[in-house]
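To start, the structure under review is shown below, and the notes come after it.
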Amino acid sequence: MQIKTFSLIAALFTVTYTLVAQTPLLTKEQAVQLALNNNFGVIIANNNVKIAENNSNILNSGFLPALSATAGANYGRDDSTIEFPGQLLEDGTPRPDVEIEKAENQRYNGGLNLNYTLFDGLGRWYNYKRLNEEYNLSELQARETIENTMLQLFTVYFEMARLSENVSVLSQTFKNTKNRLRRAEYSFDYGQTNKLDVLNAQVDLVNDSINLMNERQTLKNTRRDLNLLINRDLTENFTVDTTITFINELKLQEYLLEAESNNIRLLQAEKNMIINDYTLKASKSVFLPTIGLTGSYGWNLNQSAASAFFPGTNNSTLSLGVGANLTWNLFDGGSGITQVKNAKILLDTQDTLQEQIEQEVKRDIANAKGDFENRLEIFHLQEQNVNTATNNYNRSNEQYKLGQITSVELRQAQLNLLNANTSKNLAKYNAKLAELQLLQLAGQLLNTKL
């Protein structure tokens, strides 16, 4: 019964491995493209850039004139009776009343009014330049969002790759344990070993199958995490590329030399410095006069019905007016002076903040470079450890077949190989993520082929 159970487990894992092998591959390039097109954070960041672009348009600058139109119409209808008490006609009879029915009065008017600020102390000019810099800043903020999304994407992508390789390692471990169980059962049937070797192999096989099942479940969960990041159906099934290449050391040094001119935090700090400078200059416009031009064009039409004493009228007039005005706020109670003082303080604060960011970026780059070099060296050492553990397991397996070591010693060699492989996988992807973090600080994450 036990042999049938273990055979069923082995068959189950073989079928599952075949299904995984037939699953389509999601390459790194495809994952990046899907994230750029579908990730929620990237979509929101791009929308913010569009809003900033609209704000920086000439239509939002105040440089264009304001034109308004007015129109009106009035209609009236009167019924009236005019009496002449005491007035007689030539024949001596009383003068009859005069009745006017449906006397209509109509009035129409229309006009255009033009207002244009010719000079406002250069306030709108500096505001316009500030809005353009805010648009540039929004692009940098979108780039930062994309970079952070890419790091998040590859953190999950490489985690899935690591788990995929771990599943392969655990599958091989399970296969080796299954072969060991079969050999122990044959040896027991022929009286060469006792039942203890069989029982040990059965326990180890169950443990290996549990470890493999848990790792596969974690892999499924991570696949759903990746589907969420690229905004796909959470049930979408795929495999990932486990190939890792590291950037050329000379190229990396070149990137680091240009880091100060490409780092996203430093670029944003520079833009904020320029924006605050324009804000200060715009605030000083309160000390200068404002000169404006006005223009108007109007049309009026009055139509009135005839009455007892006046004939009907139909009057139409056209009017055209042009004017200029000057406004100089000589003293506004001190709010303008306060505004300028605060703008100067904000500019000084931004300058101090920029110095702080420069120091922090230098520290972050130095730390990231050290972490990357350390993790890369650990990965190389883990590769050597895998070779040593592989040789040790192969020799132990041969010695076990010859009866020179026990199943416990063989199991220890097997576990050493398993731990060496999983540690190497972890070290490989940790080193790659450290490299990506260093590239982000150097401002080259989106310019490097991964």
Side-chain angles (χ1 to χ4, degrees), residues 47-90 93-132 134-135 282-283 285-333 335-336 339:
N47 287 340
N48 290 335
V49 172
K50 292 177 182 178
I51 292 174
E53 183 179 11
N54 292 335
N55 290 336
S56 66
N57 193 279
I58 190 68
L59 297 175
N60 191 46
S61 65
F63 279 105
L64 300 180
L67 181 64
S68 61
T70 59
N74 292 289
Y75 173 81
R77 195 185 76 170
D78 300 322
D79 295 328
S80 59
T81 301
I82 302 175
E83 298 179 351
F84 302 94
Q87 295 186 17
L88 302 176
L89 297 177
E90 293 180 356
T93 59
R95 186 171 181 176
D97 297 341
V98 177
E99 294 185 359
I100 300 175
E101 297 181 355
K102 299 181 180 179
E104 296 181 343
N105 298 296
Q106 300 176 19
R107 294 178 183 178
Y108 303 96
N109 64 81
L112 294 174
N113 295 293
L114 179 70
N115 289 283
Y116 180 66
T117 301
L118 189 64
F119 178 76
D120 69 341
L122 298 177
R124 62 181 174 179
W125 168 251
Y126 289 120
N127 282 330
Y128 178 63
K129 294 176 75 67
R130 175 180 57 81
L131 290 171
N132 276 277
E134 287 180 353
Y135 165 65
S283 66
S285 65
V286 298
F287 301 133
L288 297 175
T290 298
I291 301 174
L293 299 176
T294 61
S296 63
Y297 175 82
W299 168 78
N300 288 277
L301 174 63
N302 293 325
Q303 295 177 339
S304 61
S307 65
F309 304 101
F310 299 98
T313 61
N314 190 345
N315 296 326
S316 176
T317 60
L318 296 175
S319 62
L320 177 66
V322 178
N325 56 72
L326 183 145
T327 304
W328 198 338
N329 194 352
L330 298 178
F331 185 68
D332 61 356
S335 61
Q339 183 180 356

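Just so it is clear, the model here is predicted, and its values are computed rather than measured.
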Working to the nearest 0.5 angstrom, can you tell me the gap between [X] [atom1] and [Y] [atom2]?
X      : Y      : atom1 : atom2 : answer
Thr294 : Leu114 : OG1   : CG    : 8.0 Å
Leu64  : Leu67  : CG    : CG    : 11.5 Å
Asp332 : Phe287 : CG    : CZ    : 8.0 Å
Ser283 : Asn127 : OG    : CG    : 9.5 Å
Ser285 : Asp120 : OG    : CG    : 6.0 Å
Ser61  : Leu131 : OG    : CG    : 8.5 Å

Would you say [X]'s side chain and [Y]'s backbone share a donor-acceptor pair under 3.5 angstrom?
X      : Y      : value
Asn60  : Ser56  : no
Asn47  : Ile51  : no
Asn57  : Glu53  : no
Arg107 : Ala73  : no
Thr117 : Phe119 : no

Worksheet item: Going by heavy atoms in the side chains, are Trp299 and Ser316 under 4.5 Å from each other?
Response: yes
Worksheet item: How about Leu318 and Tyr297: do any of their side-chain heavy atoms sit closer than 4.5 Å?
Response: yes
Item to complete: Test Asn113 against Thr70 for side chain to side chain contact (heavy atoms under 4.5 Å, CB included), laying out the working first.
Response: CA-CA 8 Å; Asn113 295 293; Thr70 59; 4.3 Å; yes
Worksheet item: Closest heavy-atom contact between Gly123 and Ala282?
Response: O-CB, 3.9 Å
Practice prompt. List the steps, then state whether side chain to side chain contact (heavy atoms under 4.5 Å, CB included) holds for Asn300 with Tyr108.
Written response: CA-CA 6 Å; Asn300 288 277; Tyr108 303 96; over 6 Å; no
